[in-house]
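Here the structure is laid out as structure tokens; the discussion comes afterwards.
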Protein chains: 2
Amino acid sequence: MKGIRRLAQHLDISIGTVSRALNGRPDVNEETRRRVLAAAKELGYVPNQSGRSLRQGTTNIIGFMMQTGTEITGQGDTFFMSVFDGVQAVFGRHKLDLVALLCSSEEDPADYLSRVVARGFADGVILSATQRHDARVELLSERNIPFVTLGRTLTDAGQPWLDLDFEGMAQASIDRLVARGHRRIAVTRPHDDVNLGYVFVERCREALASHGLALEEELIFRSTPNEAGGYQVGRELLSLDERPTAIVLINETIAIGFYRALSEAGVKPGRDIAVIGRYSPHAQFLSPSLTCFRLSLRDLGVALAETLLSTMPVFREHYPHGTANKLWPMELVEGASDALHIHQP
Amino acid sequence: MKGIRRLAQHLDISIGTVSRALNGRPDVNEETRRRVLAAAKELGYVPNQSGRSLRQGTTNIIGFMMQTGTEITGQGDTFFMSVFDGVQAVFGRHKLDLVALLCSSEEDPADYLSRVVARGFADGVILSATQRHDARVELLSERNIPFVTLGRTLTDAGQPWLDLDFEGMAQASIDRLVARGHRRIAVTRPHDDVNLGYVFVERCREALASHGLALEEELIFRSTPNEAGGYQVGRELLSLDERPTAIVLINETIAIGFYRALSEAGVKPGRDIAVIGRYSPHAQFLSPSLTCFRLSLRDLGVALAETLLSTMPVFREHYPHGTANKLWPMELVEGASDALHIHQP
DNA sequence: CATAGTTCCGTAAACGTTTACGGACGCCGA
DNA sequence: TCGGCGTCCGTAAACGTTTACGGAACTATG
């Protein structure tokens, strides 16, 4: 005899009463409830999740999907840990558990999702690293699984999303650099089809155009989102016949490798080239200090959670409006890396 | 009508046959199997995980437990991503899925485990960041849940473990530094009760003793496992009346902050002080290059997975011996940071 | 033709919960 | 005394699978 039956037998009451007692139902004598709880602790009883899920059709689990594998590895970093922190702060209030769904780089992300989540594994999903066209969005929306994306995508199923304000970053960076006299400005973008790359580059292009400048193709560097990618960008940049006088780095970690490549060539950020990047715990310790854009990842996590819950009937009352479809602003942290001013001839 | 019943109704066959067809049982006509699979795809049927788990008592999910929260955040890093990669390479062969169980720093880790895993959420667990005394080990062993730990612990339930060879690192580091004439050698250790701290410091002490040297208390620096911790260590070290001539850093990311603190004071690794650390994708880009210990995290992940599976009856035949209770060797990568030689007076 | 064996499929029980329903019992007011 | 009401509890169905069991149809063998 196992599970709730064992408990009921031990107490000589029915399993219905045991269940009600454990779940805090009102129609159970307080004395019996006390006995049940005591016995549960004594016998080390914990309700079986499968049985509960099967009956209730709910798992109390929210999945945060992320991809493993070496090339994306640099992105994992502390970024997600901080976001998780915020997400959990909200989930904790509703007995929801957050787990990270780790999709191997060898498997198709949509297949993975279909396999693990459409089976009723999670009550809701948070999607990150949205691609330009993202089959995962279609899948979840077809299956009516509540979800929210961190990052926009062209695949529109009416889902709520949050995203970093890459447009704002692009605009502010370009304006700032142009104001300092830069005319030849480089940008980086991710190596893959993650949507933010398109958004960022396009806005850079527009911002430059508004100043009467063009974004030259040879100044758009593709880079894996890790240190090695940044190093590669640095090498390529240095090998150009006509170097740019400034660059905007879209990923957090690439600044490290980029700095190194410059350093090896005796090129110093802030003196020989202006560099603007993204904040990360590492960037903080770069020298010369990196001018970068930062935001509160924890707050972003909170917003993600609230937005997701606002789409779920059970929780909607707590989060009537949510925070959906919002660009998350980034704040400029002034450093020394973009101190270089170009004097017009 | 939902689920497998709907499929059966649609095909006008019994649910038993549908189930057998989907699960690749031999006792089903190939033609019917074809029809079932086609219909499943057409209707978008995916088996419900709860129903399956309830019946089979198995979930096909392995949990990798990790803690979120800011102070440990630096440790997350790319370390785990690489380990996951190896774990998944093995799990992929057995239709097992890896998920990261994210325990909020606000919840007791053992409570968390009991809540999420004892409920039958996962078939097995990988525990990381084992504390000196770790209640999670007791819990899992009481509940007979297969698990393996990455890191040793004094809490012994006969569980299999793998660990990095911190003893080897300690010994080699000390030997190397002493051979270069260093007498006053500092070490770092984690701020919390994670077991590796004790192991590492003790072995350093022994190694020093074997050379007739003592490990002075003021030269043992506690540090959070992130950049900020490293910076703090650097500041403290610099403020000592009598500075050490060498230091061994136990965590991967602290070198970054440590370098920065030194740099601010005009102290250069390899010239003014010898530094030995751990490899990380960042460390690779430090200047002067960091002498550090590295290992294949992917291989470690593979071993973790194989060891876990070897303890699970269903998979035992594939992994008869496992790789349990092994210290994972680290290889020394020579850099410039420990080039300083002390000439004896 | 009888028998045995093989191939395939349907039936129904079981997994561990939750919960709608109804009943037993005691209490109160009419 | 009776009906009504409130409190508490037991019964049993339901959730969606898997699988042991048995049987029908067919084939092979003598």
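Every chain is numbered from 1, with letters handed out A, B, ... down the list of sequences.
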Can you measure A/Gln49 atom CD to C/dC15 atom C1' for me and round it to whole angstrom units? 15 Å

Testing D/dT17, C/dG10, C/dT18 for proximity to the side chain of B/Ser14, the answer is C/dG10

Do B/Arg20 side-chain and C/dG10 base share a donor-acceptor contact under 3.5 Å? yes

Strictly below 4.0 Å, heavy-atom distances to any atom of DNA chain C: list the hits from residues 30-48 of chain A, or just say none. A/Tyr45, A/Val46, A/Pro47, A/Asn48

A/Leu102 CG to A/Met66 CE distance, which is reported to the nearest 0.5 Å: 6.5 Å

Which nucleotide wins on minimum distance to the side chain of B/Arg55, given the candidates C/dG16, C/dT18, C/dA13? C/dA13

Side chain A/Asp111, main chain A/Asp108, donor-acceptor under 3.5 Å: no

Please work out if B/Gly16 contacts a base, only the sugar-phosphate, or nothing of the nucleic acid, heavy-atom cut-off 4.0 Å. base

Atom CD1 of B/Ile15 and atom C1' of C/dT11: how far apart are they, to the nearest Å? 9 Å

In whole angstroms, the gap separating P of D/dG10 from CD of A/Gln9 amounts to 14 Å

Decide yes or no, distance alone: a donor-acceptor N/O pair under 3.5 angstrom between the base of C/dG16 and the side-chain of A/Arg6. no

Where does the angle between the aromatic ring planes of B/Phe84 and B/Phe80 fall among parallel (under 30°), tilted (30 to 60°) and perpendicular (over 60°)? parallel

Between C/dT11 (P) and B/Asp27 (CG): distance, integer Å: 16 Å

OP1, OP2 of D/dT18 versus side-chain N and O of B/Ser19: anything below 4.0 Å? yes

Examine C/dG16: is either OP1 or OP2 under 4.0 Å from a nitrogen or oxygen in the side chain of A/Lys2? Give yes or no. yes

Whole angstroms only, please: what is the CZ-P distance between B/Arg5 and D/dT18? 12 Å

Rounding to an integer number of Å, can you tell me how far B/Met1 CE sits from D/dA14 P? 12 Å

Looking at B/Gln56, does any N or O in its side chain come under 4.0 Å of the phosphate oxygens OP1/OP2 on C/dA14? no

Tell me whether the count of non-hydrogen atoms from other residues, nucleotides or ligands lying under 6.0 Å of CZ in B/Arg143 goes above 12. yes

Which nucleotide in the set D/dG10, C/dT19, D/dC15 lies at the smallest distance from any side-chain heavy atom of A/Leu54? D/dC15

Between B/Asn195 and B/Thr130, is there a side-chain donor-acceptor contact under 3.5 Å, judged purely by atom types and distance? no

Atom CZ of A/Arg25 and atom P of C/dT17: how far apart are they, to the nearest Å? 15 Å

Check the side chains of B/Thr155 and B/Asp134 for a donor-acceptor pair under 3.5 angstrom, ignoring hydrogens and angles. no

Could you tell me the separation between the CG atom of B/Asn29 and the P atom of C/dG10, rounded to a whole number of Å? 11 Å

Just by distance, no angles: are the side chains of A/Thr68 and B/Gln88 close enough, under 3.5 Å, to form a donor-acceptor pair? yes

